[in-house]
Amino acid sequence: MQNFTFYSPTYFVFGKDTENQAGEYVKKFGGSKVLIHYGGGSVVKWGLLDRVKASLDKESIPYVLLGGVKPNPRSGLVYEGIELCKKENVDFILAVGGGSTIDSSKAIAAGTVYDGDFWDFYQGKTITEALPVGTILTIAAAGSEGSPDSVITKEDGMIKRGASGDAIRPKFSILNPALTQTLPAYQSAAGITDIMAHLYERYLTNTAEVEVTDRLIEALLLTMKHEGPRVIEDPNNYEARANIMWAGMMAHNNSCGVGRTQDWNSHNIEHELSALYDCAHGAGLAVTMPAVFTYVMKHDVMRFAQVATRVWGCQMDFTNPEVTAKAGIEALRNFLISIGMPKNFEELGAKKEDIPKLVDVLCNGDGRPGSISGFVTLSEDDCTKIYELMI
Ligand code: NZQ
Ligand code: ZN
């Protein structure tokens, strides 16, 4: 196991009706003027925004509102949010929504206290200072409620990039699984896929003997395999929603990733798809993961065979472990299709003729060195072949 530090100070509040405590927690973490940031309308439609406002009113905490975050959140609204926070002397940001709203909130939080262009952070500068952020999560997916990361798309060039820093880890996150019961089945499935991707990206490691994190990841993958189909069948299944919501947090606050190298090639390859086609990140991952895994499998066949037997129940073929490894990738693909995710470029709305453009931005955009690195290093040629596998 490699040396590591782990700092995850988010205060989690989990369970039914917990959104009504938002005001209390804003106060606890020092907020006296709040920006409530939200998305395209689901929080208005289902009455959540009114409950959150009432909770702040109860604590006599003033607030301003900024809605309109789109899935795959854009830089334009971040600039708007930064201006608003400066003008209104906001000292706390409350994100009410999914990963996109939380990520946009984190970007505003960092940009408000920074002299330069907030995009600097999305080009590699670590975020060391930010306004405090709290979240009320409405979809189990991105894990941003417990992560130090934010992913934003710059409209100029539609470049989607991530930024990181402990300063943007939420001070508190309110997780009420009942809020996710209004999700359309497709969004639930995209969230399930993203959570599984966060687990696979950590499972694919070049560090030997990391049994404890291997086993944690396998447990969470087994949970997703069990609970995923249950929420697709019955969106109101609170217990299944609850298990998925906590699994989503654990999958991405890095408790499963410490002490080991991680992959993230699937995420990088997918981010170009959601940037160009505006597809759901999880849907993009459903098409990306089986292609990437098939392409890189030979780098460590036993790792793929291990997850195949331990999670997908495949029989180990000791004479030819590649057979087992392939069966595991096939089982993952079939699972994702069974919950309603797309299986190829066409179903995702992607186009073969765009592959050179996708590869160029992926490998060369924003000063990248002509390749991407993770479990294996992938050249432009490798990435071209991986996108072709998705057709
Ligand atoms: O905008 P509204 O109207 O709220 O609708 C949203 C949106 O259309 C809807 N939705 C959310 N909760 C709902 C609901 N509809 C009904 N009922 C509810 N309870 O779902 C749609 C998707 O929302 P979004 O926030 O985009 O989903 P998600 O949480 O999957 O976030 C995706 C973004 O997170 C990034 C992705 O790249 C993508 O941009 N990621 C962020 C990470 C991080 N910060 O650590 C890591 C991830 O790997 C990921 O890259
Ligand atoms: Zn993800």
Side-chain angles (χ1 to χ4, degrees), residues 10 19 37-49 67-75 77-78 95-107 110 121-122 127 133 135-153 158 160-165 168-170 173 175-202 231 235-236 241 244-245 248-249 251-254 257 262-275 278-286 288-289:
T10 305
E19 65 274 16
H37 199 30
Y38 57 97
S42 71
V43 303
V44 180
K45 184 175 166 193
W46 299 105
L48 175 60
L49 188 62
V69 181
K70 292 186 177 146
N72 307 312
R74 312 295 152 85
S75 53
L77 196 66
V78 173
V96 187
S100 296
T101 295
I102 299 174
D103 286 1
S104 183
S105 300
K106 288 172 170 177
F121 299 119
Y122 295 76
I127 301 173
V133 174
T135 86
I136 300 174
L137 185 65
T138 62
I139 171 172
S144 191
E145 67 277 13
S147 85
D149 309 315
S150 159
V151 185
I152 300 289
T153 300
M158 293 308 274
K160 188 174 185 181
R161 292 288 182 264
S164 208
I168 56 168
R169 276 194 195 261
S173 282
L175 274 54
N176 173 1
L179 297 178
T180 68
Q181 290 172 357
T182 54
L183 279 166
Y186 189 82
Q187 287 297 341
S188 292
I192 289 162
T193 308
D194 193 18
I195 293 168
M196 294 177 85
H198 296 161
L199 295 164
Y200 264 95
E201 298 276 23
R202 292 180 166 90
V231 301
N236 293 319
R241 292 277 188 196
I244 289 175
M245 200 168 210
M249 199 297 294
H252 202 45
N253 83 334
N254 210 30
Q262 303 180 13
D263 186 3
W264 301 101
N265 279 336
S266 291
H267 265 68
N268 284 322
I269 290 171
E270 189 295 314
H271 280 165
E272 301 312 332
L273 297 171
S274 46
D278 211 10
C279 57
H281 167 62
L285 285 166
T288 303
M289 277 192 289

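Just follow the structure's listing: the first ligand is 1, and inside any ligand the first atom is 1. Numbers here simply count residues along the sequence, with the first being 1.
Of all the listed residues (S144, G143, S150, A141), A141 holds the heavy atom that lies closest to atom 30 (O) of ligand 1. Relative to atom 12 (N) of ligand 1, the option among T138, D149, I152, I195 with the closest non-hydrogen atom is T138. Around atom 45 (O) of ligand 1, the closest heavy atom drawn from G99, A275, S147 belongs to S147. Nearest to atom 18 (C) of ligand 1 by heavy atom, out of L285, T182, N268, is T182.
Using a 4.0 Å cut-off to heavy atoms of K160, the atoms of ligand 1 that qualify are 36 (C), 37 (O), 38 (C), 39 (O). Using a 4.0 Å cut-off to heavy atoms of P73, the atoms of ligand 1 that qualify are 39 (O). Short contacts between ligand 1 and P71, defined as distances under 4.0 Å to a heavy atom of the residue, involve ligand atoms 7 (C), 8 (O), 26 (O). Within ligand 1, the atoms closer than 4.0 Å to a non-hydrogen atom of H271 are 37 (O), 50 (O), numbered from 1 in the order shown.
For the Zn ion (ligand 2), the set of nearby N, O or S atoms under 2.8 Å includes one belonging to D194. In summary, H252 places no N/O/S atom under 2.8 Å from the Zn ion (ligand 2), failing the contact criterion.
Of the N or O atoms in S42, one or more lie within a sub-3.5 Å distance of an N or O in ligand 1. Remark: ligand 1 and L179 share an N or O pair separated by less than 3.5 Å (distance only, no angle test). For T101, no nitrogen or oxygen atom sits less than 3.5 Å from a nitrogen or oxygen atom of ligand 1, counting backbone and side chain alike. No N or O atom of W46 sits closer than 3.5 Å to an N or O atom of ligand 1. Residue W264 places no N or O, backbone or side chain, under 3.5 Å from any N or O of ligand 1.
Note: angle at the Zn ion (ligand 2), from NE2 of H267 to NE2 of H281, is 90° (rounded to 10 degrees).
Ligand 1 is never approached by V43 to a heavy-atom distance shorter than 4.0 Å. For A197, the heavy-atom gap to ligand 1 stays at 4.0 angstrom or more. Heavy-atom distances between K70 and ligand 1 stay at or above 4.0 Å for every pair. H198 counts as a contact of ligand 1, since one of its heavy atoms falls under 4.0 Å from the ligand. Note on ligand 1: G282 sits outside its first shell, no heavy atom being nearer than 4.0 Å.
When only non-hydrogen protein atoms are considered, atom 49 (C) of ligand 1 lies nearest to H281 NE2, 3.4 Å. At the shortest separation from atom 22 (C) of ligand 1 among protein heavy atoms lies Q187 OE1, 3.5 Å. In this structure, the protein non-hydrogen atom closest to atom 2 (P) of ligand 1 is G40 N, 3.4 Å. Closest to atom 35 (C) of ligand 1, if we only count protein heavy atoms, is D103 OD2, 3.7 Å.
Taking a distance limit of 4.0 Å, we find that atom 38 (C) of ligand 1 is approached by some protein heavy atom.
H198 and H252 have parallel rings, their planes meeting at less than 30° on a 0 to 90° scale where 60° marks the start of perpendicular.
Judged purely by distance below 3.5 Å, without hydrogens or angles, the side chains of T153 and N72 never pair a donor atom with an acceptor atom.
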